Amino acid sequence: MDLSKKYNPKAVEEKWQEKWKKMKIYRFDKNNTKKKIYSIDTPPPTVSGNIHMGHAFSYSHTDFIARYQRMRGKNVFYPFGFDDNGLPTEKYVEKKRKIKGHNMDRQAFIKICLEECEDAEKLFTGLWTRIGLSVDWNLKYSSIDQRAQKTCQKAFVDLYDMGRSYIKEAPSIWCPGCRTTLAQVELEDKEFDSYFNDIIFELENGEKIVIATTRPELLPACVAVIVHPDNEKTKYLINKKVKVPLFNNTVKVIADKRVDPDKGSGIVMCCTFGDQTDMEWWKAYNLELKTAITPAGKMTELAGKYKDMKIEEARKAIIDDLKKEGLLIKQKPIKHTVNVHDRCGKPIEFLVKKQWFYKLLDRKKEFLEQGNKINWYPKFMKVRFDNWIKGLQWDWSVSRQRFYGIPIPVWYCKECGKEFLPKTDELPVDPTKDKAPVKKCTGCGCNEFIGDKDVFDTWSCSSLTPQINAWWIDETGNKNICKKIYPFSLRPQAHDIITFWAFNTVVQSLYHNKSIPWENIMISGHALDQNSQKMSKSKGNVVEPQEVLDKFSADALRFWAAGTKLGDDLPYLEKDLKTGLKFANKIWNASKFSIMHLEDYNFKAKDIKLFPADHWILNKMNETIKNTTDSFEKYAYSKAKKLTEYFFLVDVCDNYLEIVKDRLYNPQNYDQQSRLAAQYTLYQIILNSLKMSAPITPYVTEETYQLYFAKAEKIESIHISPWPEELKKVDKKQADIGELAIKIVAAIRKFKSDNRMALNEKLSEIIIQAPKELHNELKTIEPDIKGAVKSEKLILRKAEHKIEGTDILFSIKT
RNA sequence: GAGCCAUUAGUCUAGCCUGGCUAUGACGUCGCCCUUACAAGGCGAAGGUCCCCGGUUCAAAUCCGGGAUGGCUCACCA
């Protein structure tokens with residue numbers, strides 16, 4: 001038996017990574033019908049090159065639960081996926097390979113993306129394995145693989161058949177730099193220096209009014225002028241006609257409450273499109289559409305002499321001309337925040353494009369109901385989900401003008417534009433390569449078709465992770481596990497993506513499966529840096545899990561990750577990683593000590609007469625098992641960890657082991673069964689401490705389990721061993737007496753320490769003064785007390801030092 | 001502007017839902033101890049206006065109202 005003095009995490013962790021793989025203990029058993037299934041809808045991390053402590057943090061949380069459930073005897077379905085399609089991955093590849101997707105061959109670009117993803121995923125997989133995720137890697141998937149493509153396209157086709165997916169010319173958020181539509185969530189605020197320009201517009205009767213704008217280059221796209229209906233100063237303008245300066249077309253004045261009467265002159269020009277409000281007005285009042293900016297960010301023909309200028313150039317030129325004509329009366333410098341694309345930092349534009357949408361707005365109430373059916377941990381996170389739904393204003397735009405992603409499975413008739421979708425059994429398809437599903441257009445008879453070049457946004461695929469994992473596309477095939485694992489038991493994720501990932505998944509599940517996607521959702525917080533700042537590349541404060549694993553260990557990392565309540569953020573502090581290392585070492589040493597004394601332990605011995613101290617620690621153990629189990633059931637892993645940690649460090653190591661040592665080393669001083677009672681108790685408390693710690697620190701607990709308990713229990717790994725249950729034979733009264741012993745010993749230790757005595761200093765006698773009714777009880781704990789404080793005798797008479805929390809006093813003689 | 005969350009020793013954190021112990025534990029600090037599991041240790045000690053102001057109550061870190069500060073999400077940004 002290897003009982004080295006110090007626990008060596010590096011060697012141990014490497015060893016078990018290998019062994020666990022060979023033992024296949026994390027394998028989901030799809031043929032087992034007896035065990036209850038616990039299925040996890042694991043978040044697929046975005047393949048975009050960087051991985052930080054935030055990932056390690058939240059993935060650890062999921063693993064705590066997976067390991068706990070496995071020990072509870074569940075058949076755990078714990079897959080792992082990679083989100084490796086879409087814009088984030090494209091950007092990662094473009095940067096790494098110094099290429100641009102839009103000026104190279106599409107298929108060549110896709111090939112490079114696939115290569116890069118494979119590399120990155122190997123790296124990631126290695127890292128997750130080191131952290132100790134008990135994932136079944138046979139259940140791996142990627143959001144660009146055939147299964148995901150088919151799932152995503154089938155979802156689209158089905159929604160089309162249901163009338164919930166539609167194509168429409170609609171203003172979309174557009175990034176002129178990346179040349180793609182964006183979703184709202186891809187936007188970021190950025191502050192720019194700009195000017196508020198006071199420009200003169202003219203009424204038909206020649207009267208001049210002033211309109212303030214930061215975007216004079218949009219004058220050619222001006223389609224209306226808006227005032228507040230109740231603004232006394234501007235009310236008279238309603239329904240009048242106004243001439244747009246430089247471009248001389250006339251537009252109508254409309255009244256709308258969205259105008260702030262105190263901003264600028266209280267008169268706004270509405271252009272298609274300068275911002276979101278412009279779009280709302282355009283929609284609400286059926287205004288004309290004028291496009292002044294091209295997808296590349298240049299002026300269109302509409303801009304007349306400013307055509308082909310870049311946005312900034314046109315702005316300057318128009319301001320110059322306004323000045324010359326005397327139409328610009330003031331320029332006020334301001335700082336204003338503008339929506340920019342989070343990945344390139346360029347201000348976004350609104351362009352009208354043909355886009356595919358999924359209908360959402362008519363079913364808000366049902367989404368809220370679905371949310372109510374799910375258990376949210378922590379509860380308050382549900383509020384964010386509800387608020388998001390209540391505030392929804394747009395249907396979900398799913399098409400993106402990019403290259404590396406899942407193709408939108410549609411062909412359009414070249415003549416009349418009618419759309420044709422494939423049947424679901426023909427999926428997956430790529431309309432840029434494959435032939436249309438029909439030979440002749442049913443509308444006009446034309447036989448030429450154009451395949452859609454767009455791809456799905458990443459969320460339309462990742463919102464289908466439950467369907468992908470449950471093999472929804474192959475429900476009747478032999479891979480059918482859909483009915484068994486759906487709805488999933490758990491969705492773990494971080495709180496920043498409740499509003500889209502969690503929400504979109506609920507939507508898809510309602511539409512396609514008429515059910516909630518999961519019964520429980522567990523929301524993790526973020527990992528912060530040592531100054532409680534969010535980790536981000538631009539701040540340069542990112543800590544990589546790799547470093548932490550090298551410097552400390554996987555157990556220490558996980559121990560840290562279990563250090564805060566579910567949903568709370570946690571700063572990364574090295575000192576807390578050290579605590580994890582110490583804990584592992586402590587487990588190793590205390591277990592080693594116990595196991596040394598268990599070598600001759602006879603399991604079969606029955607009717608062992610336990611000492612009060614034994615009852616005391618076993619009673620504590622029972623309480624700990626009960627509370628730890630309750631906590632894990634509520635996904636309160638940090639509480640579970642704390643309870644087990646306290647029981648083990650304080651009750652077991654500091655108190656019980658110190659008391660029981662003398663019985664183990666000097667059994668001749670006690671009656672016959674005393675050593676056996678100690679062994680029985682040690683076995684229970686050490687084994688159950690290991691088990692309760694196993695979900696959090698899987699390596700050191702496994703290593704220790706294998707020293708002795710694996711053989712005793714005849715189970716090959718602690719991680720598939722049964723979860724602890726409370727012992728029935730514990731006597732609470734005896735436990736209370738045992739606690740007296742603990743208190744007396746602690747008081748004498750403190751006395752020794754206060755008087756600068758060594759703790760193992762021998763005493764000739766201890767004198768205890770206690771109420772008469774305690775005398776008999778003191779007799780039963782006398783041997784343990786004498787042994788623990790190294791005293792020859794224990795005498796009952798008057799004593800001087802009060803023991804806190806008791807009616808007992810003590811004195812000692814050296 | 002709105003919603004949600006947080007605020008507890010030098011630092012991180014528990015307790016709050018369900019009011020009642022001397023407010024938990026760790027790191028750090030200080031003192032003693034190399035004791036046959038562990039010096040990555042043991043035993044002790046010091047360190048707190050539980051963010052502020054009110055209210056409810058016999059009793060408030062805990063419940064209620066108001067405020068401050070920080071964080072996250074959303075909206076606005078003509």
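Small disclaimer: the values here were computed from a predicted structure and weren't measured.
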In whole Å, I'd like the distance from the [atom1] atom of [X] to the [atom2] atom of [N].
| X | N | atom1 | atom2 | value |
| --- | --- | --- | --- | --- |
| A:Leu643 | B:rG15 | CG | P | 10 Å |
| A:Ile348 | B:rC77 | CD1 | C1' | 11 Å |
| A:Ile659 | B:rU35 | CD1 | C1' | 16 Å |

query = Does A:Thr277 have a side-chain nitrogen or oxygen under 4.0 Å from the phosphate oxygens OP1 or OP2 of B:rC77?
reply =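 It does, given that an N or O in the side chain of A:Thr277 lies less than 4.0 Å from OP1 or OP2 of B:rC77.
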message = On the six-membered ring of A:Phe559, is A:Lys641 placed so that its NZ or CZ lies under 6.0 angstrom from the centre and within 45° of the ring axis?
response =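 Yes; both conditions hold, so A:Lys641 lies above the ring face of A:Phe559.
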query = RNA chain B: stems of at least 3 consecutive Watson-Crick or G-U pairs, cut-off 3.5 Å?
reply =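 B:1-7 with B:68-74, B:10-12 with B:25-27, B:29-33 with B:41-45, B:51-55 with B:63-67 - these are the stems of 3 or more pairs that involve RNA chain B.
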Partner set under salt bridge (Lys or Arg N to Asp or Glu O under 4.0 Å) for [X], not counting sequence neighbours:
| X | answer |
| --- | --- |
| A:Lys750 | A:Asp754 |
| A:Asp256 | A:Arg258 |
| A:Glu633 | A:Arg72 |
| A:Lys252 | none |

Touch class at under 4.0 angstrom, heavy-atom based, for A:Asp654 against every strand present =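 Sugar-phosphate, no base atom in range.
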ask   = Which part of the nucleic acid, if any, lies within contact of A:Asn339, taking any heavy atom under 4.0 Å across all strands shown: a base, the sugar-phosphate backbone alone, or nothing?
value =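 The answer is base, as A:Asn339 lies within the cut-off (heavy atoms under 4.0 Å) of a base atom.
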request  = Determine whether any donor atom in the side chain of A:Lys750 lies under 3.5 Å from an acceptor atom in the base of B:rC43, or the reverse, and answer yes or no.
outcome  = no
message = Tell me which pairs pass salt bridge (charged side-chain N to carboxylate O under 4.0 Å, His left out) where either residue lies in residues 568-583 of chain A, with sequence neighbours left out.
response = A:Lys551-A:Glu574
Residues touching RNA chain B, which here means a heavy atom under 4.0 Å, drawn from [range]:
| range | result |
| --- | --- |
| residues 220-227 of chain A | none |
| residues 549-557 of chain A | none |
| residues 209-219 of chain A | A:Ala212, A:Thr213, A:Thr214 |

request  = Summarise how protein sits on nucleotides 18-34 of chain B as a single string, 5' to 3': B when a protein heavy atom is under 4.0 Å from the base, S for sugar-phosphate-only contact, - for no contact.
outcome  = ----B---BS---BS--
message = I'd like to know if A:Lys235 and A:Asp230 make a salt bridge, using a cut-off of under 4.0 Å between side-chain N and carboxylate O.
response = no
task = Mind jotting down which residue pairs meet the side-chain hydrogen bond (donor to acceptor under 3.5 Å, both in side chains) criterion with at least one end in residues 209-224 of chain A? Sequence neighbours excluded, please.
result = A:Arg215-A:Glu217, A:Arg215-A:Glu349, A:Glu217-A:Arg315
task = Not counting sequence neighbours, which residues clear side chain to side chain contact (heavy atoms under 4.5 Å, CB included) with A:Ile497? List them please.
result = A:Trp459, A:Gln493, A:Phe500, A:Trp501
